[in-house]
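After the structure tokens below, expect a handful of questions from me.
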There are 2 protein chains.
Amino acid sequence: MGADSKAGQGGESLLFLTDEQLRKGIEAMFFAYRAFTADPDRILENYDYGRAHHRAIHFIHRQPGLTVNALLGTLGVTKQSLNRVLRTLVDDGLVEARVGRRDKRERNLFLTEKGALLERELSDAQRARMRAAYRAAGPAAVAGFRQVLEAMMDPDIRRQYQAIKDGAA
Amino acid sequence: MGADSKAGQGGESLLFLTDEQLRKGIEAMFFAYRAFTADPDRILENYDYGRAHHRAIHFIHRQPGLTVNALLGTLGVTKQSLNRVLRTLVDDGLVEARVGRRDKRERNLFLTEKGALLERELSDAQRARMRAAYRAAGPAAVAGFRQVLEAMMDPDIRRQYQAIKDGAA
DNA sequence: TTGGAAAGTCAACATCGCTGACATAAAATC
DNA sequence: GATTTTATGTCAGCGATGTTGACTTTCCAA
């Protein structure tokens with residue numbers, strides 16, 4: 001719909017940037033994001049963890065050995081906030097915090113086997129929904145989806161995001 | 001990562017559903033959503049309101065006269081949670097809750113002039129970012145963006161979302 | 001007239017942000 | 001070697017927003 005449909009309700013033939021169209025995009029973000037977090041949220045309940053734990057686990061998995069400071073930057077929260085979460089994960093044996101080799105002040109974060117297991121469970125659920133959405137929408141839509149999301153990010157974060165783009169593997 | 005991508009960075013020509021590709025989509029959602037909420041959040045600080053207030057204002061604006069129960073359903077929160085937010089908005093004179101005409105138990109919610117003003121300020125900021133992202137990505141990308149987001153929603157919500165699709169205007 | 005739906009309210013609690021203050025260890029610099 | 005800076009951890013308290021549970025009032029509808 002949209003850009004090229006001349007008829008329709010709002011006559012947004014070429015101009016697809018009407019307030020109405022933009023409002024629809026805004027709502028789509030809200031509803032989709034809620035669905036996107038719903039599956040992991042359900043799983044996390046069983047473990048008495050929250051979304052904050054999920055995010056920490058995700059990024060430690062993505063970049064094993066990253067420091068607390070680096071994780072802080074990625075998540076955009078305070079160290080006190082992250083510490084609370086990280087402590088429970090370490091105490092519960094999901095995350096290992098090794099003293100840095102070069103710099104002994106730093107802690108390099110890794111998932112334990114137990115942590116990797118939960119990561120799998122969470123990301124499996126999230127990937128399943130994402131995969132279904134991708135399949136339903138098709139390859140061209142997926143490319144557009146990613147393009148718009150990237151354009152929406154703050155530049156600093158976008159650079160960080162693209163840096164790991166297909167690396168980290 | 002790897003096996004199937006022939007090109008350098010973005011070789012998601014045919015097989016775009018590798019775990020790596022899906023993970024990138026997941027992260028894109030996370031980072032983009034954070035940016036998406038950042039602008040309104042900054043504005044809300046000046047008024048001592050939070051995201052919950054923003055959401056209420058948005059949906060009352062979209063559908064003037066909707067009942068508390070309907071809003072509850074759209075937002076997916078408990079009535080106690082919504083009530084706290086709604087009360088401050090009514091007390092502060094941003095929202096008017098008129099007793100229902102047909103059914104006097106219901107309250108039909110409307111934005112006051114003051115409420116509409118804040119709604120404008122918030123949605124202007126959010127639309128500006130959305131518009132910039134749309135412009136950067138192009139019309140085709142926008143269509144794909146919306147398709148994937150819609151496919152990601154829970155079916156019930158998607159129906160609700162599409163029902164107001166280009167109506168309400 | 002009675003049952004139940006819609007709304008409002010009170011209390012208590014959990015998560016997860018935040019600020020501020022302070023401690024420790026180690027690197028970096030003077 | 002002494003001092004400063006950095007990375008991390010921790011305590012205490014606060015605020016926003018979600019939750020459950022219990023209870024009341026109003027009022028439509030059977």
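For the numbers below, each heavy atom of this structure counts, side chains included, while hydrogens, waters and symmetry mates do not. Keep in mind that this is a model prediction, so the values were computed, not measured. In what follows, chains carry the letters A, B, and so on, assigned in the order in which the sequence lines appear, proteins first and then strands, with residues in each chain numbered from 1.
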Exercise for the section: Please check the phosphate of C:dC16 (OP1 and OP2 only) for any side-chain N or O of A:S81 closer than 4.0 Å. Expected result: no

Exercise for the section: For B:E106 and D:dA29, give me the distance from atom CD to atom C1', rounded to whole Å. Expected result: 14 Å

Practice task
Please confirm whether A:R98 makes a cation-pi placement over A:F110, using NZ or CZ under 6.0 Å from the six-membered ring centre and within 45° of the ring normal.
Solution key: yes

Handout entry: Between C:dG8 (C1') and B:L86 (CG): distance, integer Å
Key = 11 Å

Fill in the blank from the handout: Taking every heavy atom of B:L111 against every heavy atom of B:I57, the minimum-distance pair comes out as CD1-O, 4.1 Å

Practice task
Please check if any side-chain donor atom of B:Y134 sits under 3.5 Å from a side-chain acceptor atom of A:Q147, or the reverse.
Solution key: no

Practice task
Kindly indicate whether the side chain of A:R105 and the base of C:dA27 share any N or O donor-acceptor pair separated by less than 3.5 Å?
Solution key: no

Handout entry: A:D48 side chain, from C-beta outward: closest of C:dT15, C:dA26, D:dT19
Key = C:dT15

Practice task
Output yes when at least one side-chain N/O atom of B:T78 is less than 4.0 Å from OP1 or OP2 of D:dT19, else no.
Solution key: yes

Practice task
Please tell me which of the listed nucleotides, C:dC18, C:dT9, D:dT17, lies nearest to the side chain of B:N83?
Solution key: C:dT9

Exercise for the section: With heavy atoms under 4.0 Å as the rule, sort A:R51 into base, sugar-phosphate or nothing. Expected result: sugar-phosphate

Problem - Flag for B:Y49-B:D92: side-chain donor and acceptor within less than 3.5 Å - result: yes

Fill in the blank from the handout: Heavy-atom nearest nucleotide on DNA chain C taken for A:H53 and for A:K79; more 5' hit belongs to A:H53

Fill in the blank from the handout: Taking for A:R107 and for B:Q80 the nucleotide of DNA chain D with the nearest heavy atom, the one nearer the 5' end belongs to A:R107

Exercise for the section: When you get a sec, tell me which of C:dC18, D:dT8, D:dG18 is the closest nucleotide to the side chain of B:R55? Expected result: D:dG18

Problem - Sugar-phosphate, base or nothing in reach of A:R87, heavy atoms under 4.0 Å - result: sugar-phosphate

Fill in the blank from the handout: note: A:R84, atom CZ; D:dT8, atom P; distance rounded to Å ~ 18 Å

